[in-house]
Amino acid sequence: MSKVIAIANFKGGCGKTTSAIDLSAAFARLGKKVLAIDSDGQGHLTIGFGFSKKQQITLKNMLENEIMGFDYDPTEAILHTGEGVDIIPANKLISGIALDAADNPELVLKGYIDRIRGLYDVIVIDCSPSFGMMNINVLAASDGVIIPTKPEYFGIDGLQEIIGSVRSIKSRFNPDLGIEGILFTMDTSRLNNTKRNKEAVQAAFGEDINIYDLSIPNAVAMAEASSEGVSIHSYDRKCKGAENYLEIAKEVLANG
Ligand SMILES: Nc1ncnc2c1ncn2[C@@H]1O[C@H](COP(=O)(O)OP(=O)(O)OP(=O)(O)O)[C@@H](O)[C@H]1O
Ligand SMILES: [Mg+2]
């Protein structure tokens, strides 16, 4: 049985893509067959795994085939990284996709994923920082959601929005959707203000939602890895961020 995990938060710059890359690579290190899907027109997951955004075949083409009901090869968009992770790239052209033209506009990505999920143990989807039809598709196609957030005051606002949307999509399209957990990224726990903000998240959501004990520290190596086109596990596997992404990946797998 494969598991589809969205890395989502409508707030920008909270570590979604970094978490998608580093968790995908962690799952591969744990011996899993992994696909990472870039659903964001910024194409950051695509670049972060070392590929150009100028790909002939991207997620957009796969979804268009679904919308049109064509007979097509669903593996055609897959690229292979050097880290044991396959990816489906995206670029800005994805914003032109006419999801509304489908019979079930919210379920186009699910239709595509259903064709390829048998090939993988884990499928990780990197989301764009906005609420729109593509992210509805991502949540409708996922089994679980990991919500990265910076431990900052405005983070709580973002958490409220994404958690509300997950609940709404669960009730409308995807009864099996669950929240895997809230993950603190770019953590500067030595600062009192950060500690206070983490406590506020715990108080607001901790009763109903898993909040990972381990967080991802703010460290320049995390950003450097992406600019080199590799995960943190290839760039500096002994750093705390790499170790903690690996532990969280184990926890996600143990969670079924
Ligand atoms: N733990 C970390 N320590 C330091 N820098 C980090 C860390 N995680 C991510 N970054 C950097 O912070 C910036 C934002 O991270 P990232 O791109 O992962 O966020 P995002 O949520 O995907 O952003 P967007 O909403 O634009 O898609 C990037 O420059 C990234 O390299
Ligand atoms: Mg991103």
(message) Quick check for you: to the nearest 0.5 Å, what is the distance between K32 atom NZ and S2 atom OG?
(response) 11.5 Å
(message) Looking only at side-chain N and O atoms, does Y153 offer a donor or acceptor that is under 3.5 Å from a partner on N193?
(response) no
(request) Considering non-hydrogen atoms only, spot the tightest contact between N244 and S215 and give its length. (result) ND2-O, 2.8 Å
(request) Check the hydrophobic clustering (I, L, V, M, F, W, Y; side-chain heavy atoms under 4.5 Å; chains of links allowed) and say if I21 and L59 are grouped together. (result) no
(message) Would you say that V145 contacts I147 through its side chain, given a criterion of any heavy-atom pair below 4.5 Å between the two side chains?
(response) yes
(request) Decide whether a cation-pi geometry holds between K33 and Y120; the criteria are a distance under 6.0 Å from NZ or CZ to the six-membered ring centre and an angle within 45° of the ring axis. (result) yes
(request) Answer yes or no: are there more than 12 heavy-atom neighbours, outside D208 itself, under 6.0 Å from its atom CG? (result) yes
(request) Establish whether L30 and V34 are linked, either directly or via other cluster members, by ILVMFWY side-chain heavy-atom contacts under 4.5 Å. (result) yes
(request) Kindly give the heavy-atom pair with the smallest separation between N174 and S142, and that separation in Å. (result) ND2-O, 2.7 Å
(request) Find out whether F49 and D38 are in side-chain contact, i.e. whether some heavy atom of one side chain is under 4.5 Å from a heavy atom of the other. (result) no
(message) For I232, is there any backbone N or O sitting under 3.5 Å from a side-chain donor or acceptor partner on D22?
(response) yes
(request) Kindly give the heavy-atom pair with the smallest separation between L23 and A249, and that separation in Å. (result) CD2-N, 4.0 Å
(request) Look up atom OH in Y235 and atom CD in E228, then write down how far apart they are to the nearest 0.5 Å. (result) 5.5 Å
(request) Run the salt-bridge test on E199 and K195 with the 4.0 Å N-O cut-off and return the result as yes or no. (result) no
(message) Could you walk me through whether M134 and I97 satisfy the side-chain contact (heavy atoms from CB on, under 4.5 Å) test, starting with their C-alpha distance in whole Å, then the side-chain angles of each, then the deciding distance to 0.1 Å, before giving a yes or no?
(response) CA-CA 9 Å; M134 183 57 70; I97 193 163; 4.2 Å; yes
(request) For the pair Y112 and Y72, name the ring-plane relationship: parallel under 30°, tilted 30 to 60°, perpendicular over 60°. (result) parallel
(request) Can you see which heavy atom on C127 is nearest to which on V138, and at what distance? (result) SG-CG1, 3.6 Å
(message) I'd like to know if R117 and D143 make a salt bridge, using a cut-off of under 4.0 Å between side-chain N and carboxylate O.
(response) yes
(message) What I'd like to find out is whether the side chain of I163 reaches to under 4.5 Å of the side chain of I209, using heavy atoms alone.
(response) yes
(request) Check the pair E152 / R196 against salt bridge (Lys or Arg N to Asp or Glu O under 4.0 Å), numbers first and verdict last. (result) CA-CA 9 Å; E152 64 185 16; R196 267 199 303 277; over 6 Å; no
(message) Looking at N9 and P148, would you say the former's side chain and the latter's main chain have a donor-acceptor pair under 3.5 Å?
(response) yes
(message) Counting C-beta onward and ignoring hydrogens, is there a side-chain heavy-atom pair between I7 and S19 closer than 4.5 Å?
(response) yes
(request) Keeping the roles fixed (side chain from T18, backbone from G15), state whether a donor-acceptor pair exists under 3.5 Å. (result) no
(request) Can you measure from CD1 (I87) to CG (L35) and round to the nearest 0.5 angstrom? (result) 9.0 Å
(request) For S171 and S168, indicate whether the former's side chain and the latter's backbone hold a donor-acceptor pair under 3.5 Å. (result) yes
(request) Compare all side-chain heavy atoms of I37 with those of I123 and state whether any distance is below 4.5 angstrom. (result) yes
(request) Determine yes or no for a side-chain-to-main-chain donor-acceptor pair under 3.5 angstrom, with S227 supplying the side chain and E224 the backbone. (result) yes
(message) Please check this pair: side chain of N197 against backbone of P151, looking for a donor-acceptor N/O pair closer than 3.5 Å.
(response) yes
(message) Is it true that N218 and T188 share a donor-acceptor pair across their side chains at a distance under 3.5 Å?
(response) no
(message) With a 3.5 Å distance limit and no angle check, can you tell me whether E83 reaches the backbone of S231 through a side-chain donor-acceptor pair?
(response) yes
(message) For a 4.5 angstrom cut-off between non-hydrogen side-chain atoms, does T149 reach K11?
(response) no
(request) Please confirm whether the backbone N or O of G43 pairs with a side-chain atom of N91, one donor and one acceptor, at under 3.5 Å? (result) no
(message) Would you compute the distance between atom CG of D86 and atom OG1 of T75 and round it to the nearest 0.5 angstrom?
(response) 9.5 Å
(message) Salt bridge or not between E243 and R237? Use side-chain N to carboxylate O under 4.0 Å.
(response) no
(request) Please step through side-chain contact (heavy atoms from CB on, under 4.5 Å) for the pair E66 and R115, ending with a clear verdict. (result) CA-CA 10 Å; E66 270 311 301; R115 292 175 192 265; 2.4 Å; yes
(message) My understanding is that only residues two or more places apart in sequence, or in another chain, count here; which of them pass side-chain hydrogen bond (donor to acceptor under 3.5 Å, both in side chains) with Q42?
(response) D40
(request) Not counting sequence neighbours, list each pair that qualifies as a salt bridge (charged side-chain N to carboxylate O under 4.0 Å, His left out) and has a residue in residues 156-183. (result) K3-E180
(request) Check the hydrophobic clustering (I, L, V, M, F, W, Y; side-chain heavy atoms under 4.5 Å; chains of links allowed) and say if F205 and L177 are grouped together. (result) yes
(message) A side-chain contact here means heavy atoms from C-beta on lying under 4.5 Å apart; do I248 and L214 qualify?
(response) yes
(message) Testing the basics here: between I57 and P89, what is the closest heavy-atom pair and its distance to 0.1 Å?
(response) O-CG, 3.6 Å
(message) More than 12 heavy atoms of other residues, nucleotides or ligands under 6.0 Å from CG of D213: yes or no?
(response) no
(message) Testing the basics here: between A20 and L45, what is the closest heavy-atom pair and its distance to 0.1 Å?
(response) CB-CD1, 3.7 Å
(message) If you apply the rule side-chain contact (heavy atoms from CB on, under 4.5 Å), what do you find for N210 with I179, and how did you get there?
(response) CA-CA 8 Å; N210 172 44; I179 295 178; over 6 Å; no
(message) Do V201 and I156 make a side-chain contact, defined as non-hydrogen atoms from C-beta onward lying under 4.5 Å apart?
(response) yes
(request) Hey, could you give me the CD1/CE distance between I94 and M62, rounded to the nearest 0.5 Å? (result) 11.0 Å
(message) With a 3.5 Å distance limit and no angle check, can you tell me whether T58 reaches the backbone of K60 through a side-chain donor-acceptor pair?
(response) yes
(message) With side-chain contact (heavy atoms from CB on, under 4.5 Å) as the criterion, how do F51 and T81 come out once you've worked through the C-alpha distance, each side chain's angles and the decisive distance to 0.1 Å?
(response) CA-CA 9 Å; F51 292 97; T81 72; 3.7 Å; yes
(message) So, taking the atom named OG1 in T185 and the one named CE in M222, what distance separates them when rounded to the nearest 0.5 Å?
(response) 9.0 Å
(message) Counting only heavy atoms from other residues, nucleotides and ligands, does the tally under 6.0 Å from NZ of K198 exceed 12?
(response) yes
(message) I'd like to know if the side chain of N135 reaches the main chain of F131, judged simply by a donor and an acceptor atom lying under 3.5 Å from each other, with no hydrogens or angles considered.
(response) no
(request) Would you sort out whether T17 and D126 count as a side-chain hydrogen bond (donor to acceptor under 3.5 Å, both in side chains), showing the intermediate values? (result) CA-CA 6 Å; T17 302; D126 185 29; 2.7 Å; yes
(request) State plainly whether one hydrophobic cluster holds both I113 and V166, where clusters connect Ile, Leu, Val, Met, Phe, Trp and Tyr through side-chain heavy atoms under 4.5 angstrom apart. (result) yes
(message) Using the rule that Ile, Leu, Val, Met, Phe, Trp and Tyr join whenever any side-chain heavy atoms are under 4.5 Å apart, tell me whether I5 and F184 fall into a single cluster.
(response) no
